[in-house]
Each structure stands twice: as structure tokens, then as C-alpha cells.
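Residue numbers begin at 1 in each chain, while the letters A, B, ... track the order of the sequences.
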There are 2 protein chains.
Amino acid sequence: MTTMRPAPRPAGAERLLTPGEVAGLFRVDPKTVTRWATAGRIGSIRTPGGHRRFRESEVNALLAELTTPGPALG
Amino acid sequence: MTTMRPAPRPAGAERLLTPGEVAGLFRVDPKTVTRWATAGRIGSIRTPGGHRRFRESEVNALLAELTTPGPALG
DNA sequence: TGATATTCGGGTAATTCGGGTA
DNA sequence: CGTGTCCGAATTACCCGAATAT
């Protein structure tokens, strides 16, 4: 079995996430992530076939930005 | 995809629950869960669309913290 | 080349949001 | 003070067949 590692990227290249992966992070339907892209709420990159990919750094930044910390447990 | 690549798990990524799911755990109206979040009693993550998601671990911790043990069963 | 999972599109239910109120 | 409910508006979830990705 050939292990399918993600192809090594040139320095500076951004790691891309699929709609399903982004959906998993937000606990949302993949189609919802698509709507975010259509609405311009999140940047997206299109494959030649028309499928969307999302920048991991942007997704993580968005997550952090929309996260409200809970109370200090005690 | 013959072999599903494991979804990248950025540090801090957790299982998230919807307001309705949290409400079900506490036997409370979903709106009440929303109020907890607004009052800062529980942390929350907002989708770009404004809907809230809650960390499963935090919810469970809250459940355990607010639980008073009953008499030991013989 | 084929096999399988995912993501297109669109449409239509189901949740959730926010404010106000009891 | 905390919770449940009513309302309209917005967002999200599930349905399908067809195309794309690996």
C-alpha cells in the first residue's frame, strides 16, 4: 500500500481544506460552508473542476475570532 | 478517495454541540442555552452566520460540576 | 480503467437568532 | 433573576441527480 501523503508544498504555500473538513470544524453541513464562500464570508479557491478549497490559516483565524471563552472553571 | 485522509486536527479542535443538543442534555429550552452563552456562563463558538456551537467537553464538565450525588445504592 | 467518497447545483424542511413579554 | 413562550427574519439541514477528486 502506497501511503498517500499530502504532496510536499513549496515554502509559503498554504494548506488547503475541503468543505467537509471545514464543516467538521464548525459542526456544520458542508453545503453551509459553500454558502459562506458564496456570501463572501470566507475566502475560497476553486479547483479546475469547480470544487472549493479553503485556506487553513483563514479558517483557524475565523474560528479563533468567533470563539468566546467560557468562565474559568472553579 | 480510496483511502480517507484523516481530517487535519488543529490544536484545540473539539467536538461541538448544537444549542438543541445541549438543551436536550439539560432538559431545557434551546433559548435558555443561548442565554447561558450570552451571560458568559458557558463558552460558545459562532458560525459566520451567527449560530452558536458549544464544546462537548465544556458541556460535560458543566454537567458534572453542577451534579450533586444522591445516596449510594445498596 | 474502474470504484468510491465528496462536492457540486437547486429546492424544501427544520433550527436558530433576536427582541419583547409573562 | 431565571425560564418558557410568541413572533418575524435569517441561517442551516436534508433531499435529489450529476459532476468532480482521489
Identify each atom pair where a protein N or O and an N or O of nucleotides 5-7 of chain D are less than 3.5 Å apart, giving names and distance.
residue : atom : partner  : partner atom : Å
dT5(D)  : O4   : Arg35(B) : NH2          : 3.3

Note: for Gly49(A) and Gly49(B) on DNA chain D, the residue whose nearest nucleotide lies more 5' is Gly49(B)
Between dT20(D), dT12(D), dG18(C), which nucleotide gets closest to the side-chain atoms of Trp36(A)? dT12(D)
For Arg27(A), side chain to side chain donor-acceptor pair (under 3.5 Å) partners two or more places apart: Glu21(B)
N/O (side chain, Thr34(A)) to phosphate O (OP1/OP2, dC8(C)) under 4.0 Å: yes
Checking dC17(C), dC8(C), dG2(D) against the side chain of Arg41(B) (C-beta onward), the nearest is dG2(D)
Side-chain contact check for Arg52(B): nearest option of dT20(D), dC17(C), dT11(D) is dC17(C)
Could you check if a side-chain atom of Thr47(B) sits within less than 4.5 angstrom of a side-chain atom of Leu66(A), using non-hydrogen atoms only? no
Let's test this: given Watson-Crick or G-U wobble pairing with both distances under 3.5 Å, identify the partner of dA19(D). dT6(C)
Checking base pairs now: Watson-Crick or wobble, both atom distances under 3.5 Å. What partners dA22(C)? dT3(D)
On DNA chain D, check which nucleotide each of Arg27(A) and Gly50(A) is closest to and give me the residue with the more 5' one. Arg27(A)
For Arg53(A), I'd like to know if atom CZ has over 12 heavy atoms of other residues, nucleotides or ligands within 6.0 Å. yes
When His51(B) and Pro19(A) are each assigned the nearest nucleotide of DNA chain C, the 5'-most assignment goes to Pro19(A)
Side chain of Arg46(A) only, heavy atoms from C-beta on: which candidate in dA21(D), dG9(C), dT12(D) is closest? dG9(C)
From CG of Leu17(B) over to P of dA13(D), roughly how many Å is that when rounded to an integer? 14 Å
Correct closest heavy-atom pair for Pro71(A) and Gly43(B) would be CD-N, 4.2 Å
Pairing partner (Watson-Crick or G-U wobble, both distances under 3.5 angstrom) of dT1(C): none
Just one of Glu58(B), Glu56(B), Arg52(B) clears the side chain to side chain contact (heavy atoms under 4.5 Å, CB included) bar with Phe54(B), so which one? Arg52(B)
Gap between atom CG of Leu17(A) and atom CG of Asn60(A) - 0.5 Å precision: 7.5 Å
Starting from C1' on dT16(C), measure out to CD on Glu21(B) and report it in whole angstrom. 13 Å
Rounding to an integer number of Å, can you tell me how far Ile45(A) CD1 sits from dC8(C) C1'? 17 Å
Rounded to whole angstrom units, what separation is found between the CG atom of Leu16(A) and the C1' atom of dA21(D)? 14 Å
How close or far is atom P of dT15(C) from atom CZ of Phe54(B), stated in whole angstroms? 16 Å
Validation row: Leu63(A), Phe26(A) side chains within 4.5 angstrom (heavy atoms): yes
Rounded to whole angstroms, how far apart are CZ on Phe26(B) and P on dG4(D)? 13 Å
